[in-house]
Amino acid sequence: MTELLGEWHLQPQLEEARRVREELATLLEQFECKNKDAFLLATAELIVNLSRYPDPKPTEVVLTLSRDQFDYWLELRDNGPSFSQFSQMLDDPEDLTAAESGMGLKLLAHYFDDMHYVPACYRDDACNVMVLRQARPQAKSALTVLVVDDDPAYRLVIEQYLLPQYKVVSAASVAEAFQSVLKYKPDLVVCDIHMPQADGPALFDKISHIPEVADTAFIYVTGCIEPELLNKALRRPIDDLLSKPVSREQLLSTIQRVVCRREHLSAQIHQEVDQKVTLGLRPSLPKQIPGYEIELRTVNPEAGGGDLVQFYPHKDRSLFLFADLMGHGLSAKGFSYALAGYLRGLCSAYSAMGIELPTLFNQLALGFDEDPVLKETLATIAAMTLSPEGDVAIINAGHPNPILFSDTEVKEIEAKSPMLGMGIEGYQQACFSLEVRDRVLLYSDGFNDAAVEMPKELTAAIERSLHLPLAAAADHLLQARLNLSAPDDDLTLILLERAES
């Protein structure tokens, strides 16, 4: 059973973000929530986004905090225009601690077990909903099952069969069940066939058209004996059908069989696709290019996301590009693969034509705004051109700042630009020159997050690496990072050195 802990009706304004955060902080203290800072960050981030970017502004915004046996739920509902993605950069000059970092969706995804956005077109109330879920401490991990039946007594029987082995959500109609599927993204639906207003097959059809939930396992539990309706139901590729009355043992064994079969098929498909896609995403660079030596190190903790490294040689000015797609799992890797293809084609053409970096990034920005795949992609990208004489130009769209090593100093190269996909053009490049034996370190968030101060252990490792040969220095930096903790994001570092002529 879900318990509503708090509800706020508000206007999308910065002052409201502060007010709600203060009230929410008090409430979270009252319920001894262990992840208070994450909820406060999310509240500020989402309300501030609504205050700045939708046009027209929403007139109705409702924030709710609830919990059930397993999870806390933070839900923000608004009646404004739907977003294809939330903007990542917040530049308000006033002090609003939870929102000023500009980490946006990426930072929220790091702190929450699940985060998803349901546009208004899928909801009966015509409101957009952002849902964030955080597991309660010591709550047992369990699959989520949605039980759909218009008979409250039988629905309760099925629920009791499933508890406490599964998380159970229930619905009395197809309309209610559809909203629950979008919010809870259950692993399996147990659904009656014959119900007033809309039947079980209608629910299957509705969720089949939404990629995020289209592969949800589906079992009918029904007392229906009408041949026409049964034939209609069984024309869908459901996982199983049980006849009422069903025993607890029969239901649980069927669910276990369906889940095991799904997991087996999913693992096979993921393994095959992952192996093929990974080959196309594996970062690689030449050891030497005119005027430079290069060392690359990379660690991939899981299948998903991906650090893309692409190199385009040119006799006068070589270009290489470093991109980090935000996300985890195989679907994120699929987006990485699509992004890699787009970047490869565009950068190859621009490198061959000798186009300057600002023009290239303006075109990339246009692609992220207009392309249906890139529009749904969150990525940080840094691009650098290198001449054999040591002239360097760089544009950094959301990546951590590169680090410059010279005989006299170690410093960050300030080259920050907005992330792509924000409707912004006019990218500016940072230019500098490298002397012989000067080095530049580029790295992804898996090495150190762009919004987090470099740990003193990594700072010390960077200083020690100055006196090591390039390959040994790269190994030293990688090992220093791995000594801190196992990376939970793709880790890539690129160390290049200006070589003697």
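Of the N and O atoms on the side chains of His116 and Asp114, at least one donor lies less than 3.5 Å from an acceptor on the other residue. Side chains of Ser170 and Glu159: a donor-acceptor N/O pair is present below 3.5 angstrom, by distance only. Thr59 and Asn79 are linked by a side-chain donor-acceptor pair at a separation below 3.5 angstrom, with hydrogens and angles left out of the test.
Between Tyr443 and Phe447, the ring-plane angle classifies as tilted under the 30° and 60° cut-offs. Using bins of under 30°, 30° to 60° and over 60° for the plane-to-plane angle, the ring pair Phe361/Tyr427 lands in the tilted bin.
Dense packing is recorded around CD of Gln250, with more than 12 heavy atoms of other residues, nucleotides or ligands lying under 6.0 Å away.
Distance check: Thr298 OG1 to Leu493 CG gives 8.5 Å after rounding to the nearest 0.5 Å.
Distance alone, capped at 3.5 Å, places no donor-acceptor pair between the Arg21 side chain and the Ala44 backbone. No donor-acceptor distance shorter than 3.5 angstrom exists from the side chain of Asp199 to the backbone of His194, with no hydrogens or angles considered. Looking at Asn35, its side chain never comes within 3.5 Å of a backbone N or O of Ala38 through a donor-acceptor pair. For Asp239 (side chain) and Val258 (main-chain N/O), no donor-acceptor pair under 3.5 Å exists by modelled atom type. Arg481 contributes a side-chain N or O that, together with a main-chain N or O of Gly446, makes up a donor-acceptor pair within less than 3.5 Å. Although no hydrogens or angles enter the test, the distance criterion places a donor-acceptor pair under 3.5 Å between the side chain of Asp125 and the main chain of Cys127.
Under the salt bridge (Lys or Arg N to Asp or Glu O under 4.0 Å) criterion, Lys57 pairs with no residue, sequence neighbours left out. Taking the salt bridge (Lys or Arg N to Asp or Glu O under 4.0 Å) definition, one finds that Asp240 meets it with Arg257, sequence neighbours left out. The side-chain hydrogen bond (donor to acceptor under 3.5 Å, both in side chains) test applied to Glu16 returns Arg19, not counting sequence neighbours.
Between Met195 and Val174 the shortest side-chain heavy-atom distance falls below 4.5 Å.
Salt bridge annotation for Arg262-Asp187: absent, with no cationic side-chain nitrogen under 4.0 angstrom from a carboxylate oxygen.
Here the closest non-hydrogen pair linking Tyr154 and Pro245 is OH-CA, 3.6 Å. Nearest heavy atom pair, residue Asp149 against residue Arg155, reads O-NH1, 2.6 Å.
Taking the six-membered ring for Trp, Phe311 and Phe320 have ring centres at least 6.0 Å apart. The aromatic ring centres of Phe39 and Trp73 sit 6.0 Å or more apart.
For Arg136 and Tyr72, the positive end sits near the middle of the six-membered ring, less than 6.0 Å away and at most 45° from its axis.
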